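Notes follow the structure.
Here is the naming used below: chain letters follow the sequence lines, and residue numbers restart at 1 for every chain. Model, not experiment: these values are computed from the prediction.
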Amino acid sequence: VKSLRVFFLFSLIVFAFQNCGTFEAANQFQYYSYKSSPLFYFDFKLVEKSMDDLGRQKFVFDVVISYALDLNQSASYSVNFSTKMIPGVCSAATGSAISNSKHFRTECLIPTPDDLYVQLMLSGPNGESLTQSYRF
Amino acid sequence: MSFASYYPSSAYVINRLLPFKVVGASDIFIKSVHLKSGDSCQIFIDPYHEKDFHIYCLKPSLVTAEIMVSDKANNNYTLSLGYINIFEESLPGQSVAPTFKTNEAEK
């Protein structure tokens with residue numbers, strides 16, 4: 001019975017430490033959103049959603065993009081905006097992300113309150129590409 | 001050996017994963033990373049890119065960190081990263097210097 005108790009206690013300690021390790025590992029990467037080796041590092045953040053006097057809805061986005069395989073090379077981007085009824089509801093934001101132009105803001109004003117669908121398209125210097133979709 | 005930031009310092013805001021790279025030597029990899037200041041922040045090595053690490057903060061912070069680097073001959077180096085200013089919000093092109101300095105010490 002005594003050896004059974006010792007075995008039980010030992011198992012409990014091992015189990016507790018295993019779970020602790022798993023928790024730490026999971027916690028460390030909870031903010032890491034890339035599912036595979038990233039070709040681009042990027043972040044697309046809604047920083048303002050407001051309504052003007054005419055009932056139009058304004059969305060402002062803060063965007064940062066970098067080519068992950070060589071930080072000195074540029075990545076091209078295109079940000080396209082649509083609602084369910086109006087494709088291309090706002091002019092697309094396009095450009096080249098290099099140096100200080102890696103960080104920019106873009107906005108879209110839609111005629112009536114609605115969900116906004118955003119497509120972020122990225123392409124690298126060696127033909128790599130990535131498309132990310134968002135709904136706000 | 002030093003650091004380079006993938007993002008301009010104007011993009012250093014809370015709730016954003018900030019990628020950095022160890023530069024200045026080939027055939028090296030990051031062995032470990034350790035935050036010295038920045039209570040609401042986390043630092044970790046990129047799981048895919050062995051010379052990259054990331055910082056993520058929940059609150060505005062002044063971040064300093066220590067980065068342990070190894071080369072293929074198993075020489076170890078400790079790099080100090082400081083001070084990175086993480087803001088609540090920052091506009092593109094906004095000047096937030098000085099935010100970034102590195103010191104190197106061979107172990």
Interatomic distance, CZ@B:Phe44 vs CD@A:Gln30, rounded to 0.5 Å, equals 9.0 Å

Hey, quick one: are A:Tyr32 and B:Leu18 part of the same hydrophobic cluster, counting side-chain heavy atoms closer than 4.5 Å, chains of contacts allowed?
-> yes

Looking at A:Ala97, A:Ser101, A:Ser36, A:Ser99, which has the largest count of heavy-atom pairs under 4.5 Å with chain B?
-> A:Ser36

Are the side chains of A:Asp62 and B:Glu89 in touch, meaning some heavy atoms are under 4.5 Å apart?
-> no

Side chain from CB out, backbone as N, CA, C, O: work out which of these in B:Leu58 comes under 4.5 Å of a heavy atom of chain A, or both, or neither.
-> side chain

Would a distance-only check, ignoring hydrogens and angles, find a side-chain to backbone donor-acceptor pair under 3.5 Å from A:Tyr31 to B:Ile55?
-> no

Once you round to the nearest 0.5 Å, how far does CZ of B:Arg16 lie from CZ of A:Phe42?
-> 12.0 Å

B:Asp46 side chain reached by A:Ser37 side chain, heavy atoms, under 4.5 Å = no

Mind running side chain to side chain contact (heavy atoms under 4.5 Å, CB included) on B:Asn15 and A:Lys45 for me, showing each step along the way?
-> CA-CA 10 Å; B:Asn15 300 317; A:Lys45 208 186 282 296; 4.1 Å; yes

Between A:Asn72, A:Leu71, A:Val63, which shows the greatest number of heavy-atom pairs under 4.5 Å with chain B?
-> A:Leu71

I would like to know whether B:His49 and A:Tyr41 meet side chain to side chain contact (heavy atoms under 4.5 Å, CB included); could you show each step before the answer?
-> CA-CA 12 Å; B:His49 298 161; A:Tyr41 290 128; 3.1 Å; yes

Neighbour count above 12 (heavy atom, 6.0 Å) for B:Asp39 CG | no

Nearest non-hydrogen partners of A:Arg105 and B:Ser90, listed with the distance = NH2-O, 3.9 Å

Heavy atoms only: give me the nearest A:Val64-B:Pro8 pair and the separation to one decimal.
-> CG2-CD, 4.3 Å

Could you look at B:Tyr6 and say if it's the side chain, the backbone, both or neither that has a heavy atom under 4.5 Å from chain A?
-> both

